[in-house]
Every structure is written in structure tokens, then in C-alpha cells.
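Numbers here simply count residues along the sequence, with the first being 1. Just so it is clear, the model here is predicted, and its values are computed rather than measured. Just so it is clear, the values below take in all heavy atoms, side chains as well, and ignore hydrogens, waters and symmetry mates. Numbering of ligands and ligand atoms starts at 1, following listing order.
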Amino acid sequence: MALPVESIRALADLHPKPAQVRFQYGTAGFRTIASVLDSVLFRVGVLAALRSKKLDGKTIGVMVTASHNPEEDNGVKLVDPRGEMLDTSWEIHATALSNAQTTDNFISELERVVQTLNIDLSKPAHVVYARDTRPSGASLVASLEDGIKAVGAEGRNAGVTTTPILHYLVRAINTKGTKESYGEDSEEGYFLKLTNAYKKLVSTRETPEPLIIDCANGVGAPIAARLAEYLGGTLPLVLENASITTPGALNNACGADYVKTSQKLPPSLAGRLQPGQRGCSLDGDADRLMYFYLDERGQFHMLDGDKIAALVAAFIVELDSQMKVGVVQTAYANGASTKYLSERLPVRCVQTGVKHLHHAAEHYNIGVYFEANGHGTVLFSPPTQDLLQTYQPSTPAQSTALEHLRNLNQLINQTVGDALSDMLLVEVVLAHKAYSGTEWDSLYVDLPNRLVKVVVADRNQFKTEDAERQLVSPVGLQQKINELVRRYDGGRSFVRPSGTEDVVRVYAEASIKAQADELAFRVAGLVYDECGGNPATRPKEFM
Ligand SMILES: CC(=O)N[C@H]1[C@@H](OP(=O)(O)O)O[C@H](CO)[C@@H](O)[C@@H]1O
Ligand SMILES: [Mg+2]
């Protein structure tokens, strides 16, 4: 069977690629200013259908979101049948298709992909898609639908929902009626799965004080509101920053990324969050989570992805010391968290980007992975899941622990990091340990740190090794960084090119905040000067 070239051509002509724009399928899929994305969405629709055909008609997911980016941006990423990110070997095809300039170029590129990947076009194709609350979302979804239609694939619109729910749906659809069934393939199935498990896990605990959720004025707001209904008072939630129709409000001075990068309480929560009360922030598509609290002096304390990993991993190890539990982090993990965790269980450091963490976590019986920015989850390996079903406990304590592990396995969205599932997980652990924010925070003390962006002439000249902790190119730069780091007590710094923005990131840690800032700005200045930064526009804080 051949490609339906005529139908593709007719619809592709309605979605021409803008001249002068180069797209790239990166860590977070395609992501840029929404106004240039129309052709990309159409082509992603076609590609998703081809990927489905290649995988024997399994359902492929497409999520239209730009997460924590400003409201005028948008983006799109593909989800593989088990709810994971798109197989990396397909990223280059996505990039090539998106950059074909004319409809003819696009069709020849498609023919090349079909041939190279040996795709049997007679297979069926199924695609499920969703979008966040961005104003540009509806029209981009319409372009995506044209792409799906152009190749005669079957599409299912999951509406406006969170990224993790879309991942959940993909896995649920593809495992329906099998012994690996992930749950009902509906939003309701998702809410029931999570909240039933939550209720069982906290059944012997008192109802906690209300938790404030900063919804980033995004899709987390309506979804958290529905979650609250299913929780029915077992976890009182107070939703803040839930204005999804106010222009410009999305991610503006709120949300998980704001909290992590500014290390501050969103100004909109001042006076709302009481000292001692727990609060948390979601990002624009609700796959990242940051916790925080104010101490009795009103001082802000942030509990980030590293703190979540420490809390959760320690809890799971205590439930079952036989299980091989491991933690996966990136170089951005706070050094104090790495020290705390390494003293208790195996810890691995991998490259930035969830797909790297996810794959590394699959090597443990139970793998806990979190990026410092609050994106992460816990994976139960297939043999562990089987064991949980068949294990015969011999003591009442074992029986309780087994029941808890079974419920955690249901509570945790294992397809991808999920702010709301992770939030319930944190609440379970806090309830079991009878911890307030203060006690959780005191597991270890964060090392002061600073993250700085540097705009350079060409970020592609930056190459790293050792899980991005060492630069191998530009040659000689790492030695100069090492010399600077040596001068700071508790100093650590590394430089890597961003996978999502046209910048190089500099991270630094030291035992005192002023020193961490100074080290970061010195390294940033070094990178800027060595890599063609214009002296006239050199940021004044660089040293
Ligand atoms: C320092 C940092 O937070 N980097 C983020 C950011 O990647 P960069 O490659 O650093 O731009 O976006 C990624 C996708 O959302 C996320 O996985 C990662 O943690
Ligand atoms: Mg996100």
C-alpha cells in the first residue's frame, strides 16, 4: 500500500511551513512561539499515524503544550504506546519532516521515512491527543487533526487535560483487557485509580490541614478541582492561581518553575499561605511539583524534587528493606541530597531530561527518579509488580507493608512525572511519618546554589561527558572552571548546553550563598568571554 499522496498534499497545502524557521524535536518535543507552529502540528499528526502503523496499530499519544514557558509559546510532543516519551531514534525523523520547506519536500521526506523504517502502510493507525489551556491550543489541535486525517488514521480527542493524564490514557488504551491493564482509559479511570489508592493508604491517619495548590493559572486548575471531588475531603485542597481564562496569567510569577528558579513564594500567595501550612506549585501542564512552607518567622522554605526524592525513597526503603530501591538524579541535584541519599541507597547520576532518568530507574526493583525542578516519579519493575501480586506475607507487619506497596503501585503514575500523583504520594508519606514541612525539610540542609543562563554565539560547540559534569569542548575550558571551583569552600560547578533554549547553563554550589552566586557569575563570565560573547552586551552581574 502506498501513501495517500493526494489527500496528504491537499491538506499539507493548508499548513505551509514558514520560511526562515528551523525546528528541532528536542528534550521537550517541539517548543517555540505558537504563531509559527501550524505546519509542525500538521506534520506531527502524520508522523504519529506512521509511528502507530509501525507499531502494529498501537495508540500513539500527542500532547500540545509548552509546559512552564510563557503563554505565547506552545509545543507538541509524542507519547509512545507504554506512555513513555517518543523513542529517541524517531526524533531525527520528526525534525526532518518539520523542516521540509514545500509540500513536495514534505512528501518526499515522508516517503523516505516510510522506506527507511520499513513501515507497513496497510496497518491501522490510532492517535490520542490533548492540549493544555493555552489560547493557541485549539487551532493547533485542528492542524494536528488535519494531519491525522490526511493519512486516514483514527484520532481520539482527550480535550483539555494535563500531560500526565494523556500519558496515562495512552498506556490505559494500549493495555486494555490485558493482564497489564493500567486502568480505565478515561479521566474518570485516572481519578478513581489514584484516589482509591490514596484513601487506602491514609485510612488510619487523621485528615491533614488544608494544602494550598498554586495551579500556575493552567490546566492543573480544573484537573485539581476534579481530583478534590474524588478525594471527597480525605485531603482538603485550596486552589490558588486557578484563572485559566485571564490573558497572560499562565505561568506568570507563579507555578513550579517560578518557585524553583526564583526560590521565592509566588507573590499571589502572600497572605494566603499561613506559617507552618503546606503549599505546592504545579507547572503549566502539571507534570512538575514544588512544595514549600513558611516558618514561624515567615521565612520561605522550598522543598524541591530532590527533597521529594529523599522523602519518598527513604519511606519505601523503610517499608521493605529487601527490595532493591535506587535513586536516579541529574547533575542539578543538590549536593546535600546526593550525600543524604548515597548514605542510604544506590544513587546514579544521568544526563538531564526525563527520558534518561526514566530509563536508568528501570534498572532497579523500585526506581525513584526526580529532577531538582520537581519532575519525576517512582517505577516498579515488572518482576516487582508480579511479586507484589504473589507474595505471601508471614507476619502482620509484612502484610501491612505489602498492602502499602500495592497501593503505592496504584497511586503513582509510572508513565511519567505527574504533579498531582506525586502530590498525593508526598501527602501519604507526610501522613505516615507525621511530618510537617519543617521535619521533612530537616532531612538534610540544601547547599546554597545558583543557576545562570549564558547566551553564546553557538551553544552546539559545548560537548560534555560524565553525565554532563565535565566539558570536553571547547577544549581547555573545563580546566579553567576547575581552577575557579577550587577557590570556593564546598564549591561545585558545571556547564552544559540547554536542550530546550538557545543558551548555555551554568550551575554552581558552595557552602555559603554569596559564594555560590559569585562562583556562578565567575564561571558565566568565563564562558561568555571565551565563547564569543559581545563585550558590549556582557551582563553586568558576570564576573
Ligand atoms: C536545569 C533544568 O531545569 N533543565 C530542564 C530543561 O532542560 P534544559 O536542557 O536544561 O533546557 O527542560 C527540560 C525539559 O522540560 C527538563 O527536563 C530539564 O530539567
Ligand atoms: Mg511541564
Side-chain angles (χ1 to χ4, degrees), residues 24-32 63-70 73-77 79 85-86 88 91 130-134 161-167 215-220 223 250-251 254-263 281-290 304-306 309 328-334 349-360 369-377 413 416-422 449-455 459-460 462 464 467-469 493-509 520:
Q24 192 180 346
Y25 195 100
T27 333
F30 293 106
R31 195 181 289 184
T32 184
M63 184 69 201
V64 180
T65 178
S67 185
H68 58 277
N69 282 37
D73 285 2
N74 215 326
V76 60
K77 50 192 169 185
V79 179
M85 309 263 176
L86 173 69
T88 38
E91 291 180 4
R131 66 174 177 96
D132 69 15
T133 53
R134 273 162 221 272
T161 196
T162 69
T163 295
I165 290 183
L166 193 263
H167 284 252
C215 301
N217 295 313
V219 68
I223 299 297
L250 177 68
N251 297 325
C254 61
D257 196 61
Y258 173 87
V259 170
K260 179 64 182 169
T261 43
S262 66
Q263 307 189 16
S281 286
L282 319 176
D283 71 339
D285 62 340
D287 62 355
R288 285 197 199 176
L289 177 70
M290 299 296 289
D304 65 0
D306 301 336
V328 186
Q329 303 186 310
T330 72
Y332 292 105
N334 194 279
C349 180
V350 300
Q351 274 168 271
T352 306
V354 178
K355 60 192 169 206
H356 302 293
L357 289 115
H358 194 95
H359 288 140
Y369 75 82
F370 275 89
E371 292 191 300
N373 62 30
H375 190 150
T377 186
N413 185 348
V416 76
D418 179 336
L420 293 172
S421 161
D422 290 341
N449 58 88
R450 183 86 192 212
L451 189 60
V452 178
K453 290 181 195 182
V454 187
V455 179
R459 82 184 201 277
N460 293 319
F462 286 77
T464 61
E468 304 178 319
R469 290 171 291 192
S493 180
F494 66 92
V495 175
R496 57 174 279 280
S498 161
T500 60
E501 282 177 78
D502 193 10
V503 297
V504 166
R505 293 195 203 283
V506 172
Y507 177 87
E509 263 174 24

Asker: Side chains of Arg134 and Asn251: does their closest heavy-atom pair fall under 4.5 Å?
Answerer: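 Side-chain contact under 4.5 Å: yes.
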
Asker: What's the spacing between Asp502 CG and Gln24 CD if we round to 0.5 Å?
Answerer: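 Nearest 0.5 Å value for the CG-CD distance: 10.0 Å.
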
Asker: In chain order, what residues pass the side chain to side chain donor-acceptor pair (under 3.5 Å) check against Ser67, with sequence neighbours excluded?
Answerer: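 If we apply the side chain to side chain donor-acceptor pair (under 3.5 Å) test to Ser67, skipping adjacent residues, the hits are Asp283, Asp285.
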
Asker: With a 4.0 angstrom cut-off on heavy atoms, strictly below it, pick out the residues next to ligand 1 and order them by chain and number.
Answerer: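 Residue list for ligand 1: Arg288, Tyr332, Thr352, Gly353, Glu371, Asn373, Arg496, Ser498, Gly499, Thr500, Arg505.
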
Asker: Which heavy atom of Val350 sits nearest to which heavy atom of Ala360, and what is that distance?
Answerer: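 Looking at all heavy atoms of both residues, the closest pair is CG1-CB, 3.8 Å.
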
Asker: Do Thr65 side-chain atoms and Arg131 backbone N/O form a donor-acceptor pair below 3.5 Å?
Answerer: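 Absent.
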
Asker: If you define the side chain from C-beta out and look only at heavy atoms, does anything of Tyr332 sit under 4.5 Å from Thr352?
Answerer: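 Yes - at least one pair of side-chain heavy atoms lies under 4.5 Å apart.
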
Asker: So, using salt bridge (charged side-chain N to carboxylate O under 4.0 Å, His left out) as the criterion, who are the partners of Asp73 when residues are at least two apart?
Answerer: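 If we apply the salt bridge (charged side-chain N to carboxylate O under 4.0 Å, His left out) test to Asp73, skipping adjacent residues, there are no hits.
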
Asker: Counting no waters, what protein N/O/S atoms lie under 2.8 Å from the Mg ion (ligand 2)?
Answerer: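 Atoms qualifying: Ser67 OG, Asp283 OD2, Asp285 OD1, Asp287 OD1.
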
Asker: Is any side-chain N of the basic residue among Glu468 and Arg505 closer than 4.0 Å to the acidic one's carboxylate O?
Answerer: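 Answer for the salt bridge query: no.
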
Asker: For the residue pair Thr27 and His356, establish whether any side-chain heavy-atom pair is separated by less than 4.5 Å.
Answerer: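 No, side chains not in contact.
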
